[in-house]
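Everything on this sheet refers to the single structure shown next.
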Amino acid sequence: QVQLVESGGGLVQPGGSLRLSCVASGRIFSINAMGWYRQAPGKQRELVATITSGGGTNYADSVKGRFTISRGNAENAVALQMNSLKPEDTAVYYCYLNQRIVINVEGASRTREHWGQGTLVTVSS
């Protein structure tokens, strides 16, 4: 039972900025990565950015140089700073968390993904 609470979505003009935040709570054991995906109307959900527990980052080509992912100040938190926003950035943005869970006494483990309910970002004049 993991809850991901997102904030920061809204309406912004082209060229503007928004900062998305996500805080995770619940049964979290060991985080592998957190990040953001987005889904525009009529399109597949796509990766926007991820950050691993070690601080490594990965960005979609479409947002490189404009978006920055970082750890939040709170535990189990992540933020996405979005600058120079374009109309094509309009989408529902979903926070996600990937964690490792130990499944037996020998120490075997598996991963589990958790998703927020999404926050709408609309870039329009």
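Computed from a predicted model, the values in this text were never measured in an experiment.
Taking a 6.0 Å sphere around CD of Gln44, one finds it holds 12 or fewer heavy atoms contributed by other residues, nucleotides or ligands. The number of heavy atoms from other shown groups lying within 6.0 Å of CD (Glu46) is above 12.
At least one side-chain heavy atom of Leu80 sits less than 4.5 Å from a side-chain heavy atom of Val48. For the pair Thr111 and Ile101, the minimum side-chain heavy-atom distance is 4.5 Å or more. Residues Pro14 and Ser124 fail the side-chain proximity criterion, which asks for heavy atoms closer than 4.5 Å. For the pair Phe29 and Val102, the minimum side-chain heavy-atom distance is 4.5 Å or more. Between Ser62 and Arg38 the shortest side-chain heavy-atom distance falls below 4.5 Å.
Taking the charged nitrogens against the carboxylate oxygens, Asp89 and Lys86 have no contact shorter than 4.0 Å, which rules out a salt bridge.
Val92 and Trp115 fall within a single hydrophobic cluster, where Ile, Leu, Val, Met, Phe, Trp and Tyr side chains are chained together by heavy-atom contacts under 4.5 Å. When the side chains of ILVMFWY residues are joined at heavy-atom separations under 4.5 Å, either directly or via intervening members, Ile31 and Ile51 end up in a single hydrophobic cluster. No path of Ile, Leu, Val, Met, Phe, Trp and Tyr side chains, each step under 4.5 Å between heavy atoms, connects Met82 with Val23, placing them in separate hydrophobic clusters.
In this structure, Arg45 satisfies the cation-pi test against Tyr94, with its NZ or CZ atom closer than 6.0 Å to the six-membered ring centre and inside 45 degrees of the ring normal.
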Just do the side chain to side chain contact (heavy atoms under 4.5 Å, CB included) check on Thr119 and Leu20 with the steps written out, would you? CA-CA 9 Å; Thr119 184; Leu20 305 182; 4.2 Å; yes
So Val78 and Ser70, side chain to side chain contact (heavy atoms under 4.5 Å, CB included) or not? Walk me through it. CA-CA 6 Å; Val78 66; Ser70 63; over 6 Å; no
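Arg66 and Ser84 make their closest contact through NH1-O, 3.0 Å (heavy atoms, listed as atom of the first residue, atom of the second, distance). What you find for Leu47 and Ala60 is that their closest heavy atoms are O-CB, 3.3 Å. Of all non-hydrogen atoms in Ser17 and Gln81, the two that sit nearest each other are CB-NE2, 3.9 Å. Nearest approach of Leu4 to Ala24, heavy atoms of both residues: CD2-CB, 3.1 Å. What you find for Gln99 and Val2 is that their closest heavy atoms are NE2-CG2, 3.8 Å. Looking at every heavy atom in both residues, Gly116 comes nearest to Glu6 through CA-OE2, 3.6 Å.
Ring centroid separation for the pair Tyr37 and Tyr96 comes in under the 6.0 Å cut-off. No close placement of the Trp36 and Tyr93 rings is indicated, their centers lying 6.0 Å or farther apart.
To the nearest 0.5 Å, the span separating CG on Asn83 from CZ on Arg19 amounts to 10.0 Å. Between the OG1 atom in Thr52 and the CD1 atom in Ile69 there is a gap of 10.0 Å [rounded to 0.5 Å]. The distance from atom CZ of Arg110 to atom CG of Asn104, rounded to the nearest 0.5 Å, is 11.5 Å. In this structure, CD in Gln3 is found 11.5 Å from CD in Gln117, a value given to the nearest 0.5 Å. Distance check, rounded to the nearest 0.5 Å: OG1 of Thr122 to CG of Leu85 gives 11.0 Å. The CD1 atom of Ile103 lies 10.5 Å from the CZ atom of Arg112; values are rounded to the nearest 0.5 Å.
For the salt bridge (charged side-chain N to carboxylate O under 4.0 Å, His left out) test, no residue two or more places apart in sequence or in another chain qualifies with Lys43.
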